[in-house]
Structure formats: C-alpha cells, structure tokens
Peer 1: 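Take this structure, written in structure tokens, and hold onto it; I'll ask about it next.
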Amino acid sequence: MDIRFANWDDLSESQKVEKHYLITLESVDLINKAIAGVKLPEDPKKAVARNVEHLKIMKAKDFWQGQDMTPINNAITAGENYVAELEAS
C-alpha cells in the first residue's frame with residue numbers, strides 16, 4: 001500500500017507519522033525546485049515562504065518517531081535565504 005494515497009483512517013499511528021513525513025518532504029522538494037530555478041505555477045517567493053512556514057509547523061510537531069529532519073532543516077534555511085535574497089533585490 002502506498003501510504004501517500006491511503007485514507008488517514010486506514011493507517012496505523014506509525015503509518016500516519018510516515019505519511020506526514022512524506023507530505024513534509026513534498027514541501028522540501030518544492031523549495032529545492034524553486035531555488036534551482038524550476039518554473040512554478042505561482043510566485044516562487046510566496047510559494048517558498050509558505051512552504052518554509054509549513055516546514056516549521058511540521059517540524060515542531062511532537063509525533064515524530066526518529067525521522068531524519070536534516071532535509072527539513074536544510075530546506076528551511078535555504079528557503080529563508082532565498083526569500084531574503086528576493087526581498088533584498
């Protein structure tokens with residue numbers, strides 16, 4: 001079963017955490033794509049800022065079970081720097 005597409009009610013608690021993690025990594029991917037210059041369907045600065053905030057909210061959750069937060073931390077830092085650079089120019 002691909003938990004990304006599974007109904008939340010059909011998942012165990014550990015599967016729900018994994019689904020949250022996979023969804024969070026989608027924000028990481030969007031931030032990395034925007035920084036790499038991939039054209040987004042919306043304003044990249046707004047998209048990155050919104051996804052950085054999403055990552056901060058998700059990172060603060062208390063349900064994580066040892067998932068690797070390195071890509072999340074890196075995307076937060078990179079995204080904040082990207083937005084700051086766009087605001088400065």
Side-chain angles (χ1 to χ4, degrees):
M1 162 176 51
D2 187 340
I3 62 172
R4 292 175 298 163
F5 305 109
N7 184 323
W8 287 94
D9 293 334
D10 296 334
L11 299 174
S12 68
E13 288 306 309
S14 63
Q15 288 173 318
K16 288 176 183 177
V17 171
E18 188 60 24
K19 183 170 181 161
H20 279 296
Y21 186 69
L22 293 172
I23 291 168
T24 302
L25 291 179
E26 290 175 5
S27 286
V28 169
D29 187 50
L30 182 138
I31 291 167
N32 290 335
K33 284 180 178 176
I35 292 170
V38 174
K39 184 158 176 57
L40 301 178
E42 61 181 301
D43 176 56
K45 183 177 114 179
K46 289 180 182 177
V48 169
R50 186 180 63 253
N51 280 274
V52 165
E53 290 308 309
H54 173 248
L55 292 180
K56 289 178 179 179
I57 291 166
M58 293 307 293
K59 182 182 168 194
K61 299 291 184 185
D62 64 359
F63 53 66
W64 299 116
Q65 301 171 343
Q67 283 75 16
D68 182 8
M69 293 292 145
T70 303
I72 294 163
N73 292 328
N74 291 344
I76 289 170
T77 301
E80 288 175 334
N81 291 339
Y82 175 80
V83 170
E85 287 174 17
L86 290 177
E87 289 176 346
S89 60

Peer 1: Please report the shortest heavy-atom distance between Y82 and A34, naming the atom on each side.
Peer 2: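 That would be OH-O, 3.8 Å.
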
Peer 1: Over all heavy atoms of both residues, which pair between A6 and L11 is shortest? Give the atoms and the distance, please.
Peer 2: CB-CD2, 3.7 Å

Peer 1: Under a 4.5 Å cut-off applied to non-hydrogen side-chain atoms, are M58 and E53 in contact?
Peer 2: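 No, too far: nothing below the 4.5 Å cut-off.
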
Peer 1: Going by side chain to side chain contact (heavy atoms under 4.5 Å, CB included), name the residues that satisfy it together with D43, two or more places apart in sequence or in a different chain.
Peer 2: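 Once residues adjacent in sequence are excluded, the partners of D43 under the side chain to side chain contact (heavy atoms under 4.5 Å, CB included) criterion are K45, K46.
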
Peer 1: Would you find a donor on one side and an acceptor on the other, under 3.5 Å apart, between the side chain of Q15 and the backbone of S12?
Peer 2: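 At least one qualifying donor-acceptor pair exists.
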
Peer 1: Going by ring pair (Phe, Tyr, Trp, His ring centres under 6.0 Å), name the pairs with one or both residues in residues 29-49, residues two or more places apart or in two chains.
Peer 2: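 Ring pair (Phe, Tyr, Trp, His ring centres under 6.0 Å) check on residues 29-49 returns no pairs.
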
Peer 1: Stepwise, does the side chain to side chain donor-acceptor pair (under 3.5 Å) test hold for T77 with E80?
Peer 2: CA-CA 5 Å; T77 301; E80 288 175 334; 5.2 Å; no

Peer 1: Among L30, I35, I31, D29, whose side-chain contact (heavy atoms from CB on, under 4.5 Å) with K33 holds?
Peer 2: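 Only match with K33 under side-chain contact (heavy atoms from CB on, under 4.5 Å): D29.
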
Peer 1: Would you mind reporting whether K16 and F63 have side-chain heavy atoms less than 4.5 Å apart?
Peer 2: no

Peer 1: Can you confirm whether K61 sits close enough to H20 that some side-chain heavy atom of one is under 4.5 Å from a side-chain heavy atom of the other?
Peer 2: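 With C-beta onward as the side chain, the pair stays apart.
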
Peer 1: Find the distance between CG (N73) and NZ (K59) and round it off to the nearest 0.5 Å.
Peer 2: 3.5 Å

Peer 1: For the residue pair K19 and W8, would you count it as a cation-pi contact if the rule is NZ or CZ under 6.0 angstrom from the ring centre and within 45 degrees of the ring axis?
Peer 2: yes

Peer 1: Kindly compute the distance separating OG1 (T24) from CG (N51), expressed to the nearest 0.5 Å.
Peer 2: 10.0 Å

Peer 1: Can you name the closest pair of heavy atoms from V17 and W64 and give their distance?
Peer 2: O-CZ3, 3.8 Å

Peer 1: Q67 and E18: side chain to side chain contact (heavy atoms under 4.5 Å, CB included), yes or no, with the steps?
Peer 2: CA-CA 8 Å; Q67 283 75 16; E18 188 60 24; 3.8 Å; yes

Peer 1: Specify the closest pair of heavy atoms between A49 and V83, including all atoms of both residues, with the distance to one decimal.
Peer 2: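 Closest heavy-atom pair between A49 and V83: N-CG2, 3.9 Å.
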
Peer 1: Same hydrophobic cluster for L25 and I3, using side-chain heavy-atom links shorter than 4.5 Å among ILVMFWY?
Peer 2: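 Different clusters: L25 never reaches I3 through Ile, Leu, Val, Met, Phe, Trp or Tyr contacts under 4.5 Å.
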
Peer 1: I need the I72 CD1 to Y21 OH distance, nearest 0.5 Å.
Peer 2: 5.0 Å

